[in-house]
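Have a look at the structure below before the remarks.
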Amino acid sequence: MVEIFSEKQNGFTWLDVTNPTQEELMEIAGEHAIPRSSVKDSLEPEHLPKFEQIEDKIFIIIRVLDQEARTKAGSIQQASRKIAIFYDKGLLITIHRSEQPLLRDLKTKYVDTGKVQKENEILLHIVYQALKTYEEPATRFAEEMDVYESAIFLRKKVPDILKSVYKVKRRASVCFRIITLMDDVVRRLNELYKKHYLAQDLLDLQLRLSILYNEIVDESNHLLNIYISFTSQRTGEVMRVLTIFSVFFMPLTFIVGIYGMNFDFMPELRWHYGYYFTLAAMLLITAVIYFWFKRKRWL
Amino acid sequence: MVEIFSEKQNGFTWLDVTNPTQEELMEIAGEHAIPRSSVKDSLEPEHLPKFEQIEDKIFIIIRVLDQEARTKAGSIQQASRKIAIFYDKGLLITIHRSEQPLLRDLKTKYVDTGKVQKENEILLHIVYQALKTYEEPATRFAEEMDVYESAIFLRKKVPDILKSVYKVKRRASVCFRIITLMDDVVRRLNELYKKHYLAQDLLDLQLRLSILYNEIVDESNHLLNIYISFTSQRTGEVMRVLTIFSVFFMPLTFIVGIYGMNFDFMPELRWHYGYYFTLAAMLLITAVIYFWFKRKRWL
Amino acid sequence: MVEIFSEKQNGFTWLDVTNPTQEELMEIAGEHAIPRSSVKDSLEPEHLPKFEQIEDKIFIIIRVLDQEARTKAGSIQQASRKIAIFYDKGLLITIHRSEQPLLRDLKTKYVDTGKVQKENEILLHIVYQALKTYEEPATRFAEEMDVYESAIFLRKKVPDILKSVYKVKRRASVCFRIITLMDDVVRRLNELYKKHYLAQDLLDLQLRLSILYNEIVDESNHLLNIYISFTSQRTGEVMRVLTIFSVFFMPLTFIVGIYGMNFDFMPELRWHYGYYFTLAAMLLITAVIYFWFKRKRWL
Amino acid sequence: MVEIFSEKQNGFTWLDVTNPTQEELMEIAGEHAIPRSSVKDSLEPEHLPKFEQIEDKIFIIIRVLDQEARTKAGSIQQASRKIAIFYDKGLLITIHRSEQPLLRDLKTKYVDTGKVQKENEILLHIVYQALKTYEEPATRFAEEMDVYESAIFLRKKVPDILKSVYKVKRRASVCFRIITLMDDVVRRLNELYKKHYLAQDLLDLQLRLSILYNEIVDESNHLLNIYISFTSQRTGEVMRVLTIFSVFFMPLTFIVGIYGMNFDFMPELRWHYGYYFTLAAMLLITAVIYFWFKRKRWL
Amino acid sequence: MVEIFSEKQNGFTWLDVTNPTQEELMEIAGEHAIPRSSVKDSLEPEHLPKFEQIEDKIFIIIRVLDQEARTKAGSIQQASRKIAIFYDKGLLITIHRSEQPLLRDLKTKYVDTGKVQKENEILLHIVYQALKTYEEPATRFAEEMDVYESAIFLRKKVPDILKSVYKVKRRASVCFRIITLMDDVVRRLNELYKKHYLAQDLLDLQLRLSILYNEIVDESNHLLNIYISFTSQRTGEVMRVLTIFSVFFMPLTFIVGIYGMNFDFMPELRWHYGYYFTLAAMLLITAVIYFWFKRKRWL
Ligand SMILES: [Mg+2]
Ligand SMILES: [Mg+2]
Ligand SMILES: [Mg+2]
Ligand SMILES: [Mg+2]
Ligand SMILES: [Mg+2]
Ligand SMILES: [Mg+2]
Ligand SMILES: [Mg+2]
Ligand SMILES: [Mg+2]
Ligand SMILES: [Mg+2]
Ligand SMILES: [Mg+2]
Ligand SMILES: [Mg+2]
Ligand SMILES: [Mg+2]
Ligand SMILES: [Mg+2]
Ligand SMILES: [Mg+2]
Ligand SMILES: [Mg+2]
Ligand SMILES: [Mg+2]
Ligand SMILES: [Mg+2]
Ligand SMILES: [Mg+2]
Ligand SMILES: [Mg+2]
Ligand SMILES: [Mg+2]
Ligand SMILES: [Mg+2]
Ligand SMILES: [Mg+2]
Ligand SMILES: [Mg+2]
Ligand SMILES: [Mg+2]
Ligand SMILES: [Mg+2]
Ligand SMILES: [Mg+2]
Ligand SMILES: [Mg+2]
Ligand SMILES: [Mg+2]
Ligand SMILES: [Mg+2]
Ligand SMILES: [Mg+2]
Ligand SMILES: [Mg+2]
């Protein structure tokens with residue numbers, strides 16, 4: 001479906017193409033002299049971000065974070081949607097498979113109101129808004145990590161905390177990778193339109209996102225390690241309690257076992273104070289073990 | 001064996017040489033002025049990818065993923081097969097030890113039909129198709145990793161899951177290394193034939209494969225770590241159960257042992273409520289341990 | 001709130017703007033020809049350090065470590081406060097949200113006394129003092145790490161030592177990241193004012209801080225690893241004690257259990273030396289286990 | 001000891017100096033204008049590879065893998081032997097402490113037969129052959145790793161497997177470091193003698209060795225990690241068996257202990273079906289534990 | 001304290017300044033036109049190595065390893081002492097807080113004997129000797145590591161081996177960091193005095209030290225990992241022994257407990273062969289467990 005978002009009277013033409021068939025795209029390409037290789041890239045929904053300049057023509061592929069797909073997305077293609085942008089003097093063509101509200105928003109806000117009269121300004125706005133889709137999730141991921149971190153340190157029992165941290169890590173590292181891949185696009189646009197204030201904003205946004213996601217991935221790695229440390233520390237403590245109890249009770253249980261034997265001839269059993277002697281002996285053994293443990297600093 | 005895939009009438013000559021003896025190769029080299037060092041490299045089946053330009057002549061070595069060898073291959077040489085390509089104005093010579101269907105396919109599709117009339121276009125097609133052999137396994141590896149990941153998180157008992165993840169990791173990192181080594185070839189070809197649409201596609205494919213394999217290797221490392229965490233977490237839990245049981249039962253077993261002794265003179269045994277007192281004492285001990293555990297948050 | 005820190009009679013104007021409304025800032029921007037993008041950056045409290053030069057005008061954002069926020073800060077934005085600096089020939093404008101004593105101190109010390117007559121010298125002083133705020137915490141962090149290290153090696157029981165080390169690590173790595181981001185600002189200022197002695201001091205300070213924080217982060221990683229090693233080493237030792245006791249007492253307890261059975265017909269029970277034979281047998285078993293352990297080097 | 005491997009009639013002079021005293025070396029240096037610093041470097045047996053060019057003179061130090069020292073060598077100096085090479089127009093001097101068969105072999109093969117008439121060709125041959133000494137051990141290391149890997153995965157009991165893997169890793173990383181240090185020598189020679197086919201072969205060999213050793217070091221790191229995972233997985237399994245047995249038997253052993261007490265007044269002991277009730281109770285407890293374990297998926 | 005190590009008659013002046021007050025230094029600076037910033041750097045005992053060139057004047061800060069401080073030093077400042085060097089045509093000024101024997105040695109050896117007539121040669125000697133102080137400890141660290149390594153592999157019981165390895169690692173990494181920081185000084189001096197043989201020696205020494213310390217740090221990391229592996233492997237083994245004993249004895253102890261109960265009516269107790277049947281049953285159970293363990297390969 002081809003929509004005309006802006007016509008020549010605005011100073012430039014903007015065609016928005018949603019989910020085109022190969023034929024539709026071929027036709028548009030023919031009209032506007034879009035290179036064959038760009039058409040092919042436009043048809044590939046899994047294409048990674050790229051910037052291509054052929055003489056004055058610019059062909060850009062960016063990826064917009066998909067708000068719905070977010071929770072289950074484990075790869076770049078699952079987590080984001082492609083927008084192909086073809087730019088020529090006075091002409092802007094945006095191609096994408098699913099509906100992209102950010103494009104319509106830009107049209108309403110800047111083109112319909114006549115605020116923007118140059119097609120390259122719209123180009124910068126599109127890339128800026130595309131990057132912006134990664135900003136809110138970054139904050140959300142950071143907040144999730146804070147929840148898990150405090151849970152780990154306060155030793156709350158959160159079910160499947162390992163799994164949750166791992167999932168945030170995985171999604172954050174996918175975003176980080178996309179942002180890193182957009183770096184080239186942002187840098188080239190910044191060079192071309194150096195004087196435009198948005199060009200600098202683009203660079204700043206890209207840097208900020210890159211640092212934000214890097215922090216989240218780092219944090220998740222730290223947390224996983226800390227969690228394992230806590231687990232192993234705890235196992236060690238449990239172990240110590242088990243060992244202390246065992247070492248105290250095993251000799252005692254052995255002794256009472258001895259005098260539980262039914263031999264006809266066991267002189268101690270006949271002694272008047274045999275029972276008390278035995279109790280005293282066990283008390284002594286307990287004391288010895290206690291001091292041994294004290295010296296070993298296990299108690 | 002030398003086959004003529006294309007003759008001069010097509011605008012260029014393409015010789016395909018399968019498993020040549022040193023003499024055969026020497027003869028061809030003599031005829032077409034192939035440098036001695038290139039002949040030597042062509043004879044080495046283990047040679048790594050490379051790009052060499054001598055004046056207008058180009059000598060390329062690429063490696064094609066071997067479909068059969070895939071499951072057991074742990075090194076670059078085991079996992080892939082070499083194709084040496086010698087290119088000169090109007091001349092293309094491809095040299096390989098085993099039969100390479102991708103070359104014959106290209107001949108049938110582009111040369112026999114007359115679609116391609118330039119030898120450098122065939123060159124780009126060969127390298128592109130060679131890289132393509134790494135694409136399908138990448139998807140397959142990613143899917144395998146998904147299976148293992150869900151098995152680990154859902155705590156299914158998959159036999160030898162560690163081994164399986166490790167094997168995928170190893171094969172993926174071999175592929176990743178080959179693709180990284182092909183980087184130079186791809187970049188140089190892209191520079192030489194910048195205007196050809198395939199040159200850009202080559203770059204894109206190389207980047208995509210590089211990212212795909214990198215993701216798989218990353219993922220496998222993450223999974224191995226997570227698996228170890230789960231194991232140690234589980235051991236900790238098992239430990240806690242063992243310790244709880246031991247701490248509850250060891251004192252009780254000791255007490256019943258005491259009154260199982262056969263001393264002639266043990267006044268408690270004669271008391272009328274001795275048995276009930278003992279039971280009460282054991283209940284008390286159990287309660288004390290219970291509250292101690294509660295405070296320690298082990299229960 | 002706009003304060004005039006220096007007027008033209010001093011050779012330059014310095015305006016210090018605290019917590020401005022957007023309107024206030026717009027007005028100042030209009031008067032002094034500050035670019036629109038810089039105004040926008042000035043209003044963002046979370047902006048990362050940056051250096052921008054537009055012809056002769058310089059726009060800098062630096063971040064000052066927040067003395068109060070220090071203990072709980074886990075991200076760049078929580079740990080530090082932004083100062084935006086706009087510099088033009090004869091003009092210096094500093095913009096910040098919260099009160100920044102370091103600016104007032106510089107005014108009192110250098111401007112009021114007439115010691116500094118050039119606006120760029122004040123600029124260098126501001127950035128230098130901003131970096132200086134990271135110096136004292138670095139020393140404090142290093143000292144804290146020393147306390148934790150000695151606690152770990154002397155096996156003192158410090159509650160929550162893992163947590164403490166992790167917190168220092170996290171705060172240090174936030175500082176390290178800010179300092180790394182200030183690198184560009186420092187380098188560009190050093191190029192512009194190469195001859196000024198402060199320019200070189202800036203570089204030195206930045207390098208020193210970078211190394212200090214890097215050392216702290218390294219140290220904390222080492223300590224966490226060492227701590228885990230100690231824990232696991234200790235668990236191993238505890239385990240060995242438990243196992244030794246169990247292996248000694250389990251066979252003995254079994255034997256005394258046998259002769260504690262109440263079968264009517266158990267010939268051993270009737271033997272005159274049955275009891276002594278049994279004791280001797282248990283002694284023998286103990287000796288066998290003892291030598292087995294000795295050979296295994298567990299004792 | 002100085003030997004003349006080639007005299008001027010061959011087009012160049014080649015002096016091979018074995019284990020020279022300082023005086024011998026000084027004399028040769030005086031005759032052939034070898035710089036003082038090169039003489040000093042030649043006398044140091046521990047010197048690392050380097051390439052130095054003084055006008056037209058070239059001074060190279062390479063290190064040849066020592067075949068005997070291989071099994072116990074943990075450092076660059078223990079694992080390899082130095083050869084210093086001084087090259088000037090028409091002159092080649094090779095200096096080394098121990099006998100170096102590869103030099104004599106080159107003399108026999110290329111100089112005596114008159115195959116090589118230029119001194120720089122011999123130079124390339126020497127460096128190539130020196131690098132070649134690292135090739136066969138790489139293959140051997142890789143094979144050793146394969147043995148250890150299969151032993152680990154098939155859970156064969158190989159004594160000291162950790163130690164063996166660690167030793168291969170250490171030796172391989174020493175080789176990797178030497179090869180990396182030779183990189184500069186190889187690159188500079190390649191630039192100087194670009195047209196010679198051996199110059200390209202040198203680069204290829206260096207790349208191949210670098211990748212081979214890198215793979216071995218990687219592989220050994222992977223294996224050590226996997227081994228630890230297996231160990232901890234196994235410990236977890238052992239633990240589970242221990243816990244299952246303990247949890248089943250501790251309550252039962254406690255119950256039989258109760259009715260083993262010798263209190264005069266224990267009504268249950270007098271009941272006709274006391275024994276059978278007790279057996280039934282124990283069966284019930286066993287069943288409860290069994291289902292609890294089933295639900296916990298420990299059985 | 002200012003000492004004149006060389007006067008103009010030697011061709012140059014060398015002033016050695018030990019522990020100067022600020023005033024002394026100011027005076028010297030005034031006389032010899034030392035820049036204000038260099039004076040400030042000279043007064044800071046903690047300053048990191050640096051190279052600064054102002055026109056023809058050179059200002060260098062190096063750090064000499066402190067022989068006494070070595071065993072307890074955990075940071076660059078604790079481990080090493082600063083020497084500031086100011087160099088101008090015909091003038092050398094060395095400034096340091098504590099007495100530096102290496103300077104006096106150089107004076108005695110090269111200046112007093114008249115061997116060295118140029119101030120830049122002395123400069124090279126100073127930096128070379130400063131680097132040399134790091135050489136002997138590197139060898140000592142490597143030897144210490146060898147002792148710990150053999151102790152770990154031969155499973156000798158060395159007290160606090162973890163701590164010792166960690167301390168070597170920490171001291172070695174401090175040295176490594178200083179040497180890395182001296183890299184700039186060495187490189188710049190090498191450029192300035194390319195023709196002097198010492199300039200090349202400086203580079204070689206720096207590279208050698210860098211590799212030596214890098215090897216030690218690597219080695220210590222490897223050893224710590226291996227140690228942890230051994231510990232966990234050992235714990236696993238201990239665990240297995242414990243589990244085997246427990247699994248054998250728990251069922252047996254339970255059975256003897258049953259027939260130790262005092263129920264009035266327990267038919268088995270009255271059977272003539274009850275005891276022998278019970279013993280046979282226990283033997284059977286032992287055999288079953290034995291074969292189960294055999295199959296599990298725990299025995
Ligand atoms: Mg991931
Ligand atoms: Mg990752
Ligand atoms: Mg970044
Ligand atoms: Mg960053
Ligand atoms: Mg990271
Ligand atoms: Mg543990
Ligand atoms: Mg454990
Ligand atoms: Mg491999
Ligand atoms: Mg691998
Ligand atoms: Mg790898
Ligand atoms: Mg890539
Ligand atoms: Mg990548
Ligand atoms: Mg990923
Ligand atoms: Mg953080
Ligand atoms: Mg952090
Ligand atoms: Mg970090
Ligand atoms: Mg630094
Ligand atoms: Mg550093
Ligand atoms: Mg090593
Ligand atoms: Mg290493
Ligand atoms: Mg390499
Ligand atoms: Mg490589
Ligand atoms: Mg590696
Ligand atoms: Mg474990
Ligand atoms: Mg340190
Ligand atoms: Mg350190
Ligand atoms: Mg380190
Ligand atoms: Mg190094
Ligand atoms: Mg090096
Ligand atoms: Mg080593
Ligand atoms: Mg363990």
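Side-chain atoms are counted along with the backbone in the values below, which use heavy atoms only and exclude waters and symmetry mates. As the structure is a computational prediction, the values presented were derived from the model and not from experiment. Just so it is clear: chains get the letters A, B, ... in the order the sequence lines come, proteins before strands, and each one is counted from 1.
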Least distance between heavy atoms, [X] atom then [Y] atom:
X	Y	result
T231(A)	Q233(B)	CG2-CA, 3.6 Å
V238(A)	M239(B)	CG1-O, 3.6 Å
R297(B)	R234(A)	O-NH2, 3.8 Å
Y166(A)	E219(B)	OH-OE2, 2.6 Å
L48(A)	R208(B)	CD1-CA, 3.9 Å

Pick whichever of M250(A), R36(A), E52(A) has the most heavy-atom pairs under 4.5 Å with chain B.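 When all of M250(A), R36(A), E52(A) are compared, E52(A) has the most.
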Looking only at P35(A), G260(A), S37(A), most heavy-atom pairs under 4.5 Å shared with chain B are made by G260(A)
Where on E149(B) is there a heavy atom nearer than 4.5 Å to chain A: the side chain, the backbone, both, or neither?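 For E149(B), the contact with chain A is made by the side chain alone.
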Looking at [X], I'd like to know if its [atom1] atom is crowded, meaning that more than 12 non-hydrogen atoms belonging to other residues, nucleotides or ligands lie closer than 6.0 Å.
X	atom1	answer
R270(B)	CZ	yes
E135(B)	CD	yes
R188(B)	CZ	yes
K118(B)	NZ	no
Q53(A)	CD	yes

Measure the spacing between [atom1] of [X] and [atom2] of [Y] and express it to the nearest 0.5 Å.
X	Y	atom1	atom2	answer
T243(B)	I244(A)	OG1	CD1	11.0 Å
Y259(A)	M261(B)	OH	CE	9.0 Å
E44(A)	D204(B)	CD	CG	8.0 Å
K40(A)	L198(B)	NZ	CG	6.5 Å
L252(A)	T253(B)	CG	OG1	12.5 Å
K50(A)	Q200(B)	NZ	CD	4.0 Å

Holding to salt bridge (Lys or Arg N to Asp or Glu O under 4.0 Å), I want the full list of residues that pass it with E121(B), two or more places apart in sequence or in another chain.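 Here no residue qualifies.
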If you apply the rule side-chain contact (heavy atoms from CB on, under 4.5 Å), what do you find for V256(B) with V256(A), and how did you get there? CA-CA 9 Å; V256(B) 300; V256(A) 300; over 6 Å; no
Under the criterion side-chain contact (heavy atoms from CB on, under 4.5 Å), I'd like the reasoning laid out for I211(B) against L181(A): C-alpha separation, chi angles, the key distance, then a yes or no. CA-CA 10 Å; I211(B) 287 175; L181(A) 285 168; 3.5 Å; yes
Pick from R240(B), E268(B), K194(B): which one has the most heavy-atom pairs with chain A under 4.5 Å? E268(B)
Best-contacting candidate, L242(B), L212(B), V247(B), D146(B), against chain A by heavy atom pairs under 4.5 angstrom: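 Most heavy-atom pairs within the cutoff with chain A belong to V247(B).
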Carboxylate-amine/guanidinium proximity below 4.0 Å for K296(B) and E237(A): yes
Looking only at atom types and distance, does a side-chain atom of N262(B) sit under 3.5 Å from a main-chain N or O of L269(A), one as donor and one as acceptor? no
Contact origin within Y227(A) toward chain B - heavy atom pairs under 4.5 Å: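 Answer is side chain: those atoms of Y227(A) sit under 4.5 Å from chain B.
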Measure distances from K163(A) to the heavy atoms of chain B and classify the residue's part below 4.5 Å as side chain, backbone, both or neither.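 Answer is both: backbone and side chain atoms of K163(A) are under 4.5 Å from chain B.
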Tell me, do F248(A) and P251(B) make a side-chain contact under 4.5 Å, heavy atoms counted? no
The test is salt bridge (Lys or Arg N to Asp or Glu O under 4.0 Å); show your working for R177(A) and D218(B) and say whether it passes. CA-CA 12 Å; R177(A) 210 167 284 141; D218(B) 262 35; 3.5 Å; yes
With a 4.5 Å heavy-atom cut-off (strictly below), which parts of residues 271-285 of chain B touch chain A? List them by number.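 Against chain A, none of the residues of residues 271-285 of chain B fall inside the cut-off of heavy atoms under 4.5 Å.
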